[in-house]
Every structure is written in structure tokens, then in C-alpha cells.
Amino acid sequence: MFTVLEEDPESRARRGVLRLRHGDVETPVFMPVGTNAAVKAITHLDLEEIGFGLILGNTYHVYLRPGLDLIRAYGGLHAFSGWRRNILTDSGGFQVFSLAPLRKIRDEGVSFRSHIDGSSHLFTPESVVEAQGVFGSDIMMPLDVCTPSGITRAEAEKALTMTSAWAGRSKKAWLGLPEAGRGGLFGIIQGNFFEDLRRRSAEEILGLDLPGVAIGGLSVGESPRRFAELLEFTSAMLPKEKPRYVMGIGTPEYILEAVGSGIDMFDCVFPTRIARNGCLFTSRGRLVLKREENRGLDRPPDPDCACPVCARYSIGYLRHLFKAREILGPMLATYHNLYYMKNFLEKVSDSIKKHTFLRFKKEFLELYGTID
RNA sequence: GGGGGCGUAGUGAAGCUGGUUAUCACGCUGGCCUGUCAAGCCGGAACUCGCGGGUUCAAGUCCCGUCGCUCCCG
């Protein structure tokens, strides 16, 4: 499933290739988030044009709407949405975390109420794997318990213990799916910000020998420094031959940090969300379109970007679109930011190939701004 | 010519029987956003209430005058 192609001699960074059912994907890779079987404000056509071969979907959202029956009738998420390349589906573990007031976690699973209509539901490790089987997900994530920063050791340990137990049950359910159309199941390491708990979690998850490993529970309110330290610590325990995925990371600064720690995969709503809110990534840092200083500016958002948006539209025009609340604003901004991310990861990959990753990182941050 | 209505931030409005720093929406403006309940969220600036006078301890809020807009009748 995964092959390491190159390792950076000066850091833990590496490049590789994920061989998935809907095509190969080079790593390090950024995966746009398509919660409701759609990446907001952009077409699948455009995503393909930019070159994305792997996007996210969300079990929690798609299960609630349109529902499993409909997806089953279509023959899976690919057929339903028209997306021909790979899909990684998140389990709903993060929704368990983010929709806290509506949920109750027990050994059996998590019961929660729909944020859409208030109806009651139960997710178990088994039902979540089965749902992703119905989706035809190329990569599946098990149900886990994500925790915020600042909780007690006891609370973190409890969440970790449940996550490990659920991972074991998820694997069993996964092995029960028909082998022909079964995507790879990843394990998720938790443990909050306690190093011994992270170690224990890693050991337990790695013991399951799943096709890939994810690091969860990061970027939940901690400082960039703390994030980097804990990521490095956790990543160092992982075997080289498996793909490593840090969940929920999506700014250039954080990705550089994570790649340097040996991470291969990233996903995040950040680039698409800030795009919808009028903010663009550029080589010089973030550009907030709505600012007055951008009024009437007749030059492209990012002089170093080769995307069709930068080739054709001015900052002043894009600002106007957001001021006028034209839907074209979020669309163009989303296109640019995703193109930016794709291009950024390609440059990172290139630097690993040339063994110049650390220099690239330094030079990039000098222009863009630092992690702090 | 007669009668009625209205004039409150850039715009549109709320302010009942007069009472502490005049409210709301849009706009303007700053920040935030990291396994999407998120084309969102949180802040900020800006009106002294058409103008003049009066009543009152106190007036956007009552009275008189005046200017402007508007509707109806002639």
C-alpha cells in the first residue's frame, strides 16, 4: 500500500507513494476536506484539474444526510458524488469531540443527537467501519476519542484506553468486510499531551498492524511549540514502512513542521474555510482580501502563484466579490488556496528529493512568516 | 390655498404615556478560523436626534415658529 521513495538525510522528512484503489498518491500529501461528499465551493472537476487524487469525506455527516441507504443504492460514495479518485473517510470521532454537548461516550460506542434534526443515534466501532464499507472508502478511519488540551491525565488515559479498545474492534469488523472493495483501515494514536500515554497508545495501535497510522488529538488548542514537540515525540515511535497521517493539520507552517517529523499525510478544513471567509495563502503569508488596503489593487493575489485565479483576477476584484457577497468569491479563493496547497506540497516533495528540505523550510518561512 | 404624515449614524428604520452612557439592520472597519453544526464567528468606529425658541428638575419624546420631503383635497 505504501512505499517510501526517498528519505531526507538531514531530517525525518520523506517522500513516498500510496497505492490506493483509485490511483497512486504521492506523499507528502494534503487532502482537502469534503465533509458532505463535497469539498465546499469547488467542483470535483476542478479538484482533478489541480491534481488532487485523495480527498476526505465524513462518516458522521454522510450517515446523517443523505443516509447509508441512499449511498448503498448508488453503489458507494464515488458513484454518488462523481469523484473518481480516492476518498478517505473520517469516522466521526472528531464530531464526537466537537459536538460534545450532544453526545455520551460509553464502552459500547457513542450515542449522540443529530445536529440537523435532533434525532438520536448510536455509533459503535463496528457500525462506523460498516458504514465506510458501504461508502467504498479507499482509506477508513476507526472511531476514536479525541480530547482537548488541558484535560487531566486520568481523563486522557480513559480516552486512550477506549480508543485502543475501539481500534481492536474496528479491525475485527474491517476484516469481516468483503476483501474485494475493502479500503485500508488506519489506527489512530491518542494520549493527549502526556508522553507516556502517547507511547502507550502508539504501542497498542501499532500492535494491531493496520495498513496506516494516524496521530489524532493534536491542534486542539495547544501552542505551536507544544504541537511540534509532541508530534516529533510520537512520530519517532512509528515504523518507517507505514504511512503516517496527522489529522487536522493544514497551514504551511504546521505542515513543514510535521513533514520534518516524518509525516506523510495531512487534511484540514483551514485552506478551504479561510478561503470562503476571504483569506488567501500567498508566498508572503496570508492575504486578507476584505481589508481596505486591498480596495482597487490591480495585481494578482500571489505573484509567485501559477494558478488560473492569480493569472486572471486582481486582488481588488476578488475583494469586491467578497464585499458584494458574490458566490464567485469563495469559489475563486477556494480554488486558489487548494492550488496553493497542492503546489506547496509538491515543492516540499521536490526539496526532499533533492535533499534540501531544511533549506527549503527555512527560506519558505523567511518569506511567509514563522510558526509562532 | 386647506388638511395630514415624516424629518434620529453612510442607508433604512426603532424609540409607547418625557427620566441614567439614543437602539436595530445593512454598510464601513479590525481580528479569528487547523480529522467543517462554519459563504461563519467575535470585536470596533460612526448619529446628540432638520433648524430656532419655549415648557420642565429633566425633551429625540410635549408646545410654538421655521425649513425640507411627502400624501390627500381644491
Side-chain angles (χ1 to χ4, degrees), chain A residues 30-42 54-62 64-65 87-103 112-118 128 132 137 139-149 163 186-190 212 214-224 227 231 245-255 257-258 263 265-279 281 286 288-295 318-319 321-334 337 341 371:
Chain A
F30 172 76
M31 308 175 280
V33 179
T35 306
N36 293 303
V39 179
K40 295 183 195 298
I42 191 167
L54 175 56
I55 64 175
L56 254 73
N58 195 290
T59 303
Y60 171 88
H61 296 277
V62 176
L64 287 179
R65 183 173 56 195
I87 299 176
L88 178 155
T89 43
D90 189 23
S91 62
F94 187 74
Q95 280 63 46
V96 169
F97 166 67
S98 64
L99 303 177
L102 295 177
R103 59 96 170 103
F112 61 93
R113 299 186 58 185
S114 163
H115 68 280
I116 299 167
D117 61 8
V128 162
Q132 293 177 84
S137 307
I139 295 177
M140 310 177 14
M141 302 305 295
L143 193 63
D144 67 325
V145 183
C146 188
T147 53
S149 68
T163 295
F186 277 41
I188 303 177
I189 296 171
Q190 289 292 348
I215 299 173
L218 287 183
S219 194
V220 286
E222 76 280 10
S223 70
F227 165 84
L231 184 62
Y245 165 28
V246 176
M247 310 183 77
I249 295 309
T251 64
E253 317 94 283
Y254 272 71
I255 287 176
E257 203 58 42
I263 304 302
M265 302 163 66
F266 311 89
D267 80 280
C268 197
V269 303
F270 198 83
T272 48
R273 181 182 291 172
I274 65 168
R276 271 176 276 123
N277 294 327
C279 190
F281 286 130
R286 291 186 218 166
V288 181
L289 288 170
K290 287 185 275 192
R291 281 189 188 146
E292 185 188 23
E293 67 200 52
N294 295 320
R295 180 185 159 83
L318 292 171
R319 176 180 192 271
L321 291 178
F322 275 94
K323 282 303 180 185
R325 298 197 177 177
E326 278 296 329
I327 199 160
L328 185 58
M331 287 168 62
L332 294 178
T334 297
N337 274 1
M341 292 304 286
I371 191 166

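Every chain is numbered from 1 and lettered A, B, ... according to where its sequence line falls, protein lines coming before strand lines. These numbers come from the heavy atoms of this one structure, side chains and all, not from hydrogens, waters or symmetry mates.
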Which pairs would a plain distance check flag for residues 35-42 of chain A, meaning a side-chain donor or acceptor within less than 3.5 Å of a matching protein atom at least two apart in sequence or in another chain?
none

For a quick check of understanding: with a heavy-atom distance under 4.0 Å over all strands, which category does [X] fall into, base, sugar-phosphate or nothing?
X: A/Q190; result: base
X: A/D144; result: base
X: A/S114; result: nothing
X: A/R319; result: sugar-phosphate
X: A/L56; result: sugar-phosphate
X: A/D267; result: sugar-phosphate
X: A/R113; result: nothing

Expressed as a whole number of Å, how far does the C1' atom of B/rA9 sit from that of B/rG65?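 B/rA9 and B/rG65 have their C1' atoms separated by 28 Å.
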
With P as the reference atom in both, quote the distance from B/rC28 to B/rC73 in angstrom, rounded to an integer.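 To the nearest whole Å, 42 Å.
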
A/F322: which residues meet the ring-ring contact (aromatic ring centres under 6.0 Å, His included) condition with it, sequence neighbours left out?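 Expected list: none.
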
Residues A/Q190 and A/T163: side-chain donor-acceptor under 3.5 angstrom: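 Result is no, nothing qualifies.
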
RNA chain B: 5'-proximal contact among A/N277 and A/V39 (nearest heavy atom):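 Per heavy-atom nearest nucleotide, the more 5' residue is A/V39.
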
Contact nearer the 5' end of RNA chain B, comparing A/P330 with A/G278: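 Between the two, 5'-proximity favours A/G278.
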
Measure all distances between protein nitrogen or oxygen atoms and nitrogen or oxygen atoms of nucleotides 41-45 of chain B, and list the pairs falling under 3.5 Å.
none

Please tell me which of the listed nucleotides, B/rC33, B/rG31, B/rU36, lies nearest to the side chain of A/F270?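 Nearest to the side chain of A/F270 among the choices is B/rC33.
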
Please confirm whether the backbone N or O of A/F281 pairs with a side-chain atom of A/R286, one donor and one acceptor, at under 3.5 Å?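 Answer holds: no.
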
Could you tell me whether the side chain of A/N294 and the main chain of A/V288 form a donor-acceptor pair under 3.5 Å?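 Yes: the side chain of A/N294 pairs with the backbone of A/V288.
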
Shortest non-hydrogen contact between A/A275 and A/N337, atoms and distance: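 Residues A/A275 and A/N337, closest heavy atoms: CB-ND2, 3.5 Å.
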
